[in-house]
Undergrad: 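Could you have a look at this structure, given as structure tokens, before my questions?
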Amino acid sequence: MNKRPPLEVVGGMPIVGHFAENWENVQRFQAGEGDLLIDTYPKSGTTWISQIVDLILHHEDHKKSNVGAIFERVPFLEFAVPDMPTGTELLNTRKPPRLIKSHLPVHLLPESFWQKKCKVIYVARNPKDVLVSFYYFYHMAIVHPDPGTFEEFLQKFIEGKVSYGSWGDHVKDWWKIRRQRDVLYLFYEDMLEDPKREIRKVMKFLGKDPSEDIVEKIHQCTTFKAMKDDHTANYSTIPPSVMDHSISPFMRKGTRGDWKRHLTVAQNELFDEYYRREMSDTDLTFRF
Ligand code: PPS
């Protein structure tokens, strides 16, 4: 496999080179009635919410919950690397209702998700922690190009020249359409602050009775520590040619504010300026 291929542009958005090779199948993907989409900008809590939702839907059925790795239980729509089934291949072997992961922005999501009135759970995270998490992820998920220095990566992030493009457009566009569509918009920082409250929110959204013992059970299985130690949740079973955990673990810190250990005063000022610019046309706000 060509290690670290350059990003390719699809629909105006940069994306992992291998993913671009399967782009036609992604565009042609037919969502079905009852499919549930988990969408995020990368590094915003996708795996965490995927584990929560999978447990909510399947906790009574031990044959289905926690059987297989998270990337098999919740197929990643755009995923494509050599020698592994693509996201669309995995999904096309299953019948709706399916649980589907994607990082696609609103405008590139296959139309069938809207036609079939699929529910969407969107998670957003403050961009400084996304930036840091993404930087480490670029290092370990070696299907990405070399991130360069942190300073260089920060510049690329601000210019939207990282995989999935502009963070600001992503979070704002999903925020804008959340009321017109069936979208539950969550924040990583809220999940950290009160995970059980957010689990209850998700259960209600999915029409499930949020009984306290189930909420407690799901919370216990989805703490950072529990997921870091769980080989079905921590990506340790994905081939090292895709993710090399010896460079940096997928389950890295799981906190808010790690950016403070990474951004210099000057970088932080530059980033604040970028954030103010990006957020000048929205009422969406983030906690850092
Ligand atoms: S990906 O590759 O885009 O799907 O990554 P994603 O899952 O969105 O984000 C990975 C970050 O989420 C953290 N994480 C968690 N934080 C708190 N609690 C739990 N249970 C949890 N599970 C994953 C993970 O550690 C990554 O953040 P960083 O800041 O790098 O630690």
Side-chain angles (χ1 to χ4, degrees), residues 15-16 19 37-56 66 69-79 81 87 99-105 121-144 147 150 153 157 162-165 167 170-171 174 186-199 202 217-236 238 242-245 247-263 286-288:
I15 200 170
V16 166
F19 292 14
L37 178 69
I38 290 173
D39 202 291
T40 59
Y41 188 81
K43 313 322 289 176
S44 301
T46 331
T47 315
W48 191 5
I49 196 70
S50 297
Q51 182 79 344
I52 289 172
V53 173
D54 190 41
L55 282 168
I56 291 175
N66 260 38
I70 192 75
F71 52 88
E72 288 154 358
R73 283 181 282 136
V74 187
F76 178 13
L77 180 62
E78 314 82 90
F79 183 78
V81 299
L99 192 47
I100 304 170
K101 161 184 167 174
S102 175
H103 292 310
L104 290 178
I121 299 177
Y122 186 84
V123 186
R125 185 182 191 185
N126 83 73
K128 290 182 186 174
D129 283 326
V130 168
L131 164 72
V132 171
S133 183
F134 216 174
Y135 178 65
Y136 283 94
F137 188 60
Y138 254 63
H139 278 285
M140 68 88 70
I142 47 193
V143 292
H144 291 86
F150 184 70
F153 190 72
F157 186 89
V162 292
S163 189
Y164 293 97
W167 169 86
H170 206 288
V171 296
W174 278 102
L186 300 173
F187 295 90
Y188 179 90
E189 292 75 19
D190 292 349
M191 291 169 65
L192 278 179
E193 181 182 70
D194 191 342
K196 291 206 268 183
R197 177 189 63 206
E198 301 305 302
I199 292 170
V202 177
K217 218 160 129 191
I218 292 172
H219 167 50
Q220 290 308 328
C221 297
T222 55
T223 61
F224 180 73
K225 167 130 191 21
M227 286 181 60
K228 191 175 173 68
D229 293 345
D230 178 352
H231 71 277
T232 74
N234 63 15
Y235 278 94
S236 58
I238 207 163
V242 181
M243 288 186 194
D244 185 343
H245 295 260
I247 297 175
S248 174
F250 183 91
M251 294 288 170
R252 198 183 56 89
K253 283 271 153 107
T255 57
R256 160 179 153 192
D258 189 40
W259 61 267
K260 291 175 192 157
R261 295 191 320 114
H262 290 82
L263 275 76
F286 285 85
R287 294 195 284 163
F288 290 86

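Start at 1 and go down the list; that is how both ligands and their atoms are numbered. When a residue number appears, it is its place in the shown sequence, counting from 1.
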Undergrad: Can you confirm whether the side chains of Glu78 and Tyr164 place a donor and an acceptor under 3.5 Å from each other?
TA: yes
Undergrad: Which residue and non-hydrogen atom of the protein lie closest to atom 5 (O) of ligand 1, and at what distance in Å?
TA: Lys43 NZ, 3.0 Å
Undergrad: May I ask you to say whether Lys43 pairs ionically with Asp129, meaning some side-chain N is under 4.0 Å from a carboxylate O?
TA: no
Undergrad: Using the rule ring-ring contact (aromatic ring centres under 6.0 Å, His included), only one of Trp259, Phe157, Phe153 pairs with Tyr135; which is it?
TA: Phe153
Undergrad: Give me the nearest non-hydrogen protein atom to atom 8 (O) of ligand 1 as residue plus atom name, then the distance to 0.1 Å.
TA: Thr46 OG1, 2.3 Å
Undergrad: Just to confirm my output: which protein heavy-atom neighbour is closest to atom 11 (C) of ligand 1, and how far is it?
TA: Arg125 NH1, 3.8 Å
Undergrad: Can you figure out which of Phe76, Tyr235, Tyr188, Tyr136 has its heavy atom closest to atom 13 (C) of ligand 1?
TA: Tyr188
Undergrad: When the ring planes of Tyr41 and Phe134 are compared, do they come out parallel, tilted or perpendicular, using 30° and 60° as the limits?
TA: perpendicular
Undergrad: Starting from atom 7 (O) of ligand 1, locate the nearest protein heavy atom and write down its residue, its atom name and how far away it is, to 0.1 Å.
TA: Thr47 OG1, 2.5 Å
Undergrad: Give the residue, atom name and distance (to 0.1 Å) of the protein heavy atom nearest atom 23 (C) of ligand 1.
TA: Met251 SD, 3.4 Å
Undergrad: If you measure every N or O of Met227 against every N or O of ligand 1, does any of those distances drop under 3.5 Å?
TA: no
Undergrad: Distance to 0.1 Å, residue and atom name: give those for the protein heavy atom nearest to atom 4 (O) of ligand 1.
TA: Lys101 NZ, 3.0 Å
Undergrad: May I ask you to identify the nearest protein heavy atom to atom 26 (C) of ligand 1, giving residue, atom name and distance to one decimal place in Å?
TA: Ser133 OG, 3.8 Å
Undergrad: Shortest non-hydrogen contact from Ile199 to Ile56?
TA: O-CD1, 4.2 Å
Undergrad: So if I apply the salt bridge (charged side-chain N to carboxylate O under 4.0 Å, His left out) rule between Asp190 and each of Arg287, Lys196, Arg256, Arg125, which one comes out positive?
TA: Arg287
Undergrad: Students should be able to answer this: which protein heavy-atom is nearest to atom 24 (C) of ligand 1, and at what distance?
TA: Phe250 O, 3.9 Å
Undergrad: Within the distance-only criterion (no hydrogens, no angle test), does the side chain of Ser44 pair as donor or acceptor with the backbone N or O of Thr40 below 3.5 angstrom?
TA: no
